[in-house]
Protein chains: 2
Amino acid sequence: MIQLNNKTYTCPVDVTLGFIGGKWKLLILSHLHQFDRKSYSEIRDNLPGISEKMLSQQLKELERDQLVEKKILALKPYRVEYFLSVQGKSLSPLYAFVSEWGIKYLKEQGIDYLKDQHLYK
Amino acid sequence: MIQLNNKTYTCPVDVTLGFIGGKWKLLILSHLHQFDRKSYSEIRDNLPGISEKMLSQQLKELERDQLVEKKILALKPYRVEYFLSVQGKSLSPLYAFVSEWGIKYLKEQGIDYLKDQHLYK
DNA sequence: CAGCATCCTCTAGGATACTG
DNA sequence: CAGTATCCTAGAGGATGCTG
């Protein structure tokens with residue numbers, strides 16, 4: 001067992017899951033990976049089903065864990081943008097692989113995501 | 001939105017997460033990746049904290065999703081072994097990356113997992 | 001040994017309304 | 001626009017005991 005920051009992990013995989021585990025983290029991260037910089041409402045609108053509570057909560061945790069950074073663009077009207085930090089970008093191969101794997105799986109099921117992407121908005 | 005098997009997915013990442021999401025799946029899969037073939041009790045003992053209910057439930061789902069296969073070795077005494085299917089092995093780069101990332105993160109925190117692995121049993 | 005069946009807990013996550 | 005504050009619930013996950 002690995003002790004770190006008052007938490008216990010069973011193995012390195014468990015450690016990584018501590019950062020990206022849960023229902024939304026990987027979806028948020030891979031969206032930022034795909035679209036570079038996004039406002040709060042852009043992320044929300046690109047993740048159908050997420051509640052505002054979950055979005056702000058997960059973003060806050062991702063900031064705390066230094067995977068995501070926030071930049072305040074303007075105070076009135078209040079505008080921000082979120083983007084992957086260096087640490088967050090170090091997981092880029094993961095976002096890419098998980099997305100590719102999904103696309104490949106869909107293709108095996110007869111769904112051409114890349115071709116029909118406009119249909120899935 | 002992508003429709004597949006009566007479920008709705010927001011993007012390919014979401015599709016992949018349908019297979020490996022949750023608290024235990026990736027841990028089970030990466031263990032089988034690391035150790036090739038394992039009996040039920042070996043997996044259980046290598047995943048501290050997992051309940052038997054969770055283990056058998058997750059294994060069953062992984063079998064259903066064709067990421068894991070089970071081979072019955074003997075009937076009395078009943079002996080089985082679990083191992084990654086071809087589909088399960090297609091996620092190997094993921095297991096490797098997630099583990100490597102965790103090891104690298106630990107090293108940045110001053111923990112040399114590979115060197116001190118014997119301490120974490 | 002490999003696992004169900006039960007029952008239970010708890011918290012991740014959701015709905016809604018409100019604020020700077 | 002970008003969030004917070006409350007309140008609430010489903011279901012993921014846990015504990016225990018039993019079976020072929």
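In what follows, every chain begins at residue 1, and chains take the letters A, B, ... in the order their sequences are listed.
Linking ILVMFWY side-chain heavy atoms closer than 4.5 Å, directly or via other members, places B:Leu67 and B:Phe83 in two distinct hydrophobic clusters.
Expressed to the nearest 0.5 Å, how far CE of B:Met54 lies from CD1 of B:Ile28 amounts to 9.5 Å. For the atom pair CD (A:Gln87) and CD (B:Glu108), the distance works out to 5.5 Å, reported to the nearest 0.5 Å.
At whole-Å resolution of the value, CD in A:Gln58 and C1' in D:dT4 are 16 Å apart. Per the geometry, CG belonging to B:Leu47 stands 14 Å off C1' belonging to D:dG13, to the nearest Å. The CH2 atom of A:Trp24 sits 15 Å away from the P atom of D:dA12 (whole-angstrom rounding). Rounded to an integer number of Å, the gap from CD of B:Glu61 to P of D:dG11 is 14 Å. Rounded to an integer number of Å, the gap from CG of B:Leu75 to P of C:dA2 is 13 Å. Distance, A:Ile43 CD1 to D:dC1 C1': 13 Å, rounded to whole Å. Rounded to an integer number of Å, the gap from B:Leu55 CG to C:dA2 P is 10 Å. Taking atom CD1 of A:Ile28 as the reference point, atom C1' of D:dG3 lies 14 Å away to the nearest angstrom.
Heavy-atom distances to DNA chain C give each of B:Ser39 and A:Ser51 a nearest nucleotide, and the one nearer the 5′ end belongs to B:Ser39.
The rotation axes computed at either terminus of the helix from C:dC1-D:dG20 to C:dG20-D:dC1 lie 60° apart, taking five pairs at each end and rounding to 10 degrees.
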Inset, instruction - Scan nucleotides 3-12 of chain C nucleotide by nucleotide, 5' to 3', and note B when protein non-hydrogen atoms come under 4.0 Å of the base, S if they reach only the sugar-phosphate, - if neither. - result: BB-BB-----
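Using bins of under 30°, 30° to 60° and over 60° for the plane-to-plane angle, the ring pair B:Trp101/A:Phe19 lands in the perpendicular bin.
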Inset, instruction - Begin with the C-alpha distance, continue with both residues' side-chain angles, and end with the deciding distance and a verdict on side-chain contact (heavy atoms from CB on, under 4.5 Å) for A:Glu42 and A:His31. - result: CA-CA 10 Å; A:Glu42 283 174 324; A:His31 256 86; over 6 Å; no
Inset, instruction - Test side-chain contact (heavy atoms from CB on, under 4.5 Å) on B:Leu55 and B:Ile43 and set out the steps. - result: CA-CA 8 Å; B:Leu55 179 55; B:Ile43 301 174; 3.7 Å; yes
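Summarising the local packing, CD of A:Gln66 is surrounded by 12 or fewer heavy atoms from other residues, nucleotides or ligands at distances under 6.0 Å.
Side-chain contact between A:Cys11 and B:Leu27 is present, with at least one heavy-atom pair separated by less than 4.5 Å. A 4.5 Å side-chain heavy-atom check between A:Pro12 and B:Tyr105 finds every atom pair outside the cut-off.
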